[in-house]
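The first residue in the sequence is number 1, and the count goes up from there.
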Amino acid sequence: MTNDNTYFDAMEAKIPHGKVRTRFAPSPTGYMHVGNLRTALYTWLIARSQGGTFILRIEDTDQGRLVEGATEVIYRTLAECGLAHDEGPDVGGPVAPYIQSERRDTYGTYARRLVELGHAYYCFCEKTESEEEYGGFHREADPCRSLTPEEVQAKLDAGAPYVIRQKIPETGTTTFHDAIFGDITVENSTLDDQVLLKRDGLPTYNFANVVDDHLMGITHVVRGSEYLSSAPKYDLLYQGFGWEVPTYVHCSPVMRDQHNKMSKRHGDPSYEDLKAQGYLTEAILNYVALLGWSPRGEKAEQEVFSLQELAETFDIGGISKSPAIFDIEKLTHFNALYLRAMTPEAFHAVAEPYIHEAVKNPALDTAAIAALLQARCERLTDIPEKVAFFEDLPAYGTDLFTNKKSKTNEEVSKRMLEAAVSALEEVSDWTQEGIHVCLTDLAAKLEVKNATLMWPVRIAAAGQAVTPGGAIEICLILGREECLRRLRIGLEMLGA
């Protein structure tokens, strides 16, 4: 053991100071669940709202839970969401490396330093790895806590396997401050001597976080409120090293309902699931921002925010202590708002792949189809079912021709279609204006309301009662020959 401060002074000299620094530190375990995305968003917003630095750190010390390709999911999700990081494994930075497994030697050095400072100790007791990582150890029963330095050194020289545990004070209290929950005080006697460094030389999650957050100059730490119970032990680690404690922001969980947290195991959606279900990234981010945070002041009543507006509006004081319930219907409402606010060109771009799932005919104008959908679409995945009739006329019954509001029945519809086919055959200008003039003039000639004519024309053209767009738009997109072919099929079904 040595008290040489050269290494530690050099590490301290690297730490950036003078501005807000936040970090998103996910474990690469497969997918980005909604709670993780919210943590990333809030962390990014705290940095951006205060002109600070946003850091990505990959926490991969729990080797048993790693999933191949999960790190790429993290990069892709942050990029899609516009949450660009200023420092990280792929972009570098002044306190690299930003992957915990590449910082292994650092944790061992600091764990031994804490032993020298009297706030940790070597433990040579036989414990399972799960006990090392997650607890299950009673401090008062540990004989290693009272070993003399000479006894410890003898065991080390003999090559005895060990862990390093935090030495929690046996009496008194520890008070930890959180920006949301305020001061939290616990009796030190209720805290266990948690493992800091495992037998394999890798740190536990709790220790690695404290060391990395300090050495990376993190000023604000956003995490779930389930970590509040561990917070006093973090505070004691900071005190033991003589370090300044960052501002902690513990966020209440995102719930599926009043009693259950969201969980992938229970089928709750991840960010990628929501994307696959037809939700826009912008709508997801907007909704997730409001899961536990509310704008204040002049923006208090505003619901729809761009990412830039969130960065300008976000403040920690708006974060709630209460759990947030994930409401898929509310997200769907947000998604519809975003879809309808897009330019026609932008909507066509996102809708086209979904249109092509059902509409294969290259002669059909996908831009025209998209124009019908935009005001009527809540999720992009709804599109294929809505537009499949353009590709193939579905089977339908003649009962669809009867509509009380439009004052039609099968007999009236037959008369309307006969007249419509004759009139449309004469249309030389197959445009929306040309079809509109033809059919409205025909309704006037037949002395019926427009709806009485349009209903059977639309039913015959689409083969279904609910369609995006009316008779004129559908006839236009289908084209003259296909439109007339379908109207004649309708006439045949009605016995003409």
Side-chain angles (χ1 to χ4, degrees), residues 348 351-377 379-436 438-440 442-443 446 448 450-496:
H348 177 225
E352 189 172 22
Y354 296 89
I355 295 172
H356 279 310
E357 285 184 24
V359 179
K360 312 295 185 183
N361 185 349
L364 296 175
D365 185 350
T366 57
I369 295 174
L372 300 186
L373 291 165
Q374 187 166 4
R376 301 170 175 86
C377 184
R379 301 186 308 167
L380 294 170
T381 45
D382 296 336
I383 290 175
E385 183 180 3
K386 289 179 179 291
V387 301
F389 72 87
F390 281 111
E391 181 72 13
D392 294 300
L393 180 66
Y396 66 97
T398 56
D399 58 301
L400 290 186
F401 286 108
T402 298
N403 181 268
K404 184 175 181 180
K405 186 176 179 181
S406 298
K407 298 182 178 179
T408 64
N409 54 31
E410 293 185 14
E411 182 180 345
V412 171
S413 293
K414 177 182 175 182
R415 184 163 63 90
M416 294 298 107
L417 286 180
E418 287 174 336
V421 168
S422 296
L424 290 170
E425 286 176 334
E426 301 301 318
V427 175
S428 58
D429 179 25
W430 198 264
T431 61
Q432 184 156 329
E433 178 65 20
I435 298 169
H436 179 269
C438 171
L439 293 180
T440 53
L442 178 59
L446 295 173
V448 297
N450 286 343
T452 304
L453 174 63
M454 299 297 183
W455 181 271
V457 169
R458 187 175 61 83
I459 294 298
Q464 58 192 47
V466 178
T467 58
I472 293 168
E473 294 93 344
I474 293 170
C475 289
L476 173 65
I477 292 169
L478 288 172
R480 179 199 301 274
E481 296 307 318
E482 179 63 13
C483 172
L484 289 170
R485 184 184 76 84
R486 293 187 179 195
L487 266 54
R488 294 184 184 112
I489 290 173
L491 273 174
E492 291 175 12
M493 292 174 61
L494 291 168

Qualifying side chain to side chain donor-acceptor pair (under 3.5 Å) pairs with a residue from residues 362-376, counting only residues at least two apart or across chains: His348-Thr366, Glu352-Thr366
Distance check, rounded to the nearest 0.5 Å: Lys405 atom NZ versus Trp455 atom CH2? 9.5 Å
Can you name the residues that form a salt bridge (charged side-chain N to carboxylate O under 4.0 Å, His left out) with Glu482, not counting sequence neighbours? Arg485, Arg486
Minimal heavy-atom distance between Gly490 and Leu417, with the atoms involved, is C-CD1, 4.1 Å
Measure across Ile474 and Ala461 and return the closest heavy-atom pair with its distance rounded to 0.1 Å. CG2-CB, 3.9 Å
So which heavy atom on Leu478 is nearest to which on Cys483, and how close? CB-N, 4.2 Å
Using 0.5 Å steps for rounding, measure from the CD1 atom of Ile477 to the CD1 atom of Ile472. 12.0 Å
Non-neighbouring partners of Thr398 that pass side-chain contact (heavy atoms from CB on, under 4.5 Å), sequence neighbours left out: Phe401, Glu410, Met493, Leu494
Atom pair CZ/CG of Arg415 and Asn409 - distance to nearest 0.5 Å: 9.5 Å
Partners meeting side-chain contact (heavy atoms from CB on, under 4.5 Å) with Leu400 (sequence neighbours left out): Tyr396, Ile459, Ala465
Spacing of CD belonging to Glu391 relative to CD belonging to Glu357, to within rounding of 0.5 Å: 13.0 Å
Please report the shortest heavy-atom distance between Leu364 and Val359, naming the atom on each side. CD1-CG1, 3.5 Å
Looking at Ser413, is its backbone amide N or carbonyl O close enough to the side chain of Thr408 to form a donor-acceptor pair, meaning the two atoms are under 3.5 Å apart? no
Check: residues 381-390 side-chain donor-acceptor pairs under 3.5 Å, at least two apart:
| unit_1 | atom_1 | unit_2 | atom_2 | d |
| --- | --- | --- | --- | --- |
| Thr381 | OG1 | Gln277 | O | 2.6 |
| Asp382 | OD1 | Arg379 | NH2 | 3.4 |
| Asp382 | OD2 | Arg379 | N | 3.3 |

Indicate yes or no: at least one non-hydrogen side-chain atom of Leu446 is less than 4.5 angstrom from one of Thr452. no
Is any side-chain heavy atom of Gln464 closer than 4.5 Å to a side-chain heavy atom of Thr467? yes
Report the distance from atom SG of Cys475 to atom NE2 of His436, rounding to the nearest 0.5 Å. 12.5 Å
May I ask you to test the Val412-Thr402 pair for a side-chain heavy-atom distance under 4.5 Å? no
Which residues pass the side-chain contact (heavy atoms from CB on, under 4.5 Å) test with Thr431, not counting sequence neighbours? Asp429, Glu433
What is the distance from atom OG of Ser406 to atom CE of Met454, rounded to the nearest 0.5 Å? 11.0 Å
In the structure I gave you, are the side-chain heavy atoms of Glu418 and Lys414 within less than 4.5 Å of one another anywhere? yes
Salt bridge Glu425-Arg488, side-chain N to carboxylate O under 4.0 Å: yes
Neighbour count above 12 (heavy atom, 6.0 Å) for Lys407 NZ: no
Exam field: side chain Arg458 to backbone Gly463, donor-acceptor pair closer than 3.5 Å: no
Trace of the side chain to side chain contact (heavy atoms under 4.5 Å, CB included) decision for Ile369 with Leu372: CA-CA 5 Å; Ile369 295 174; Leu372 300 186; 5.7 Å; no
Heavy-atom closest pair (Leu487 atom, Ala420 atom, distance to 0.1 Å) is CD2-CB, 4.3 Å
How close do Leu442 and Ala423 get, heavy atom to heavy atom, and via which atoms? CD2-CB, 4.0 Å
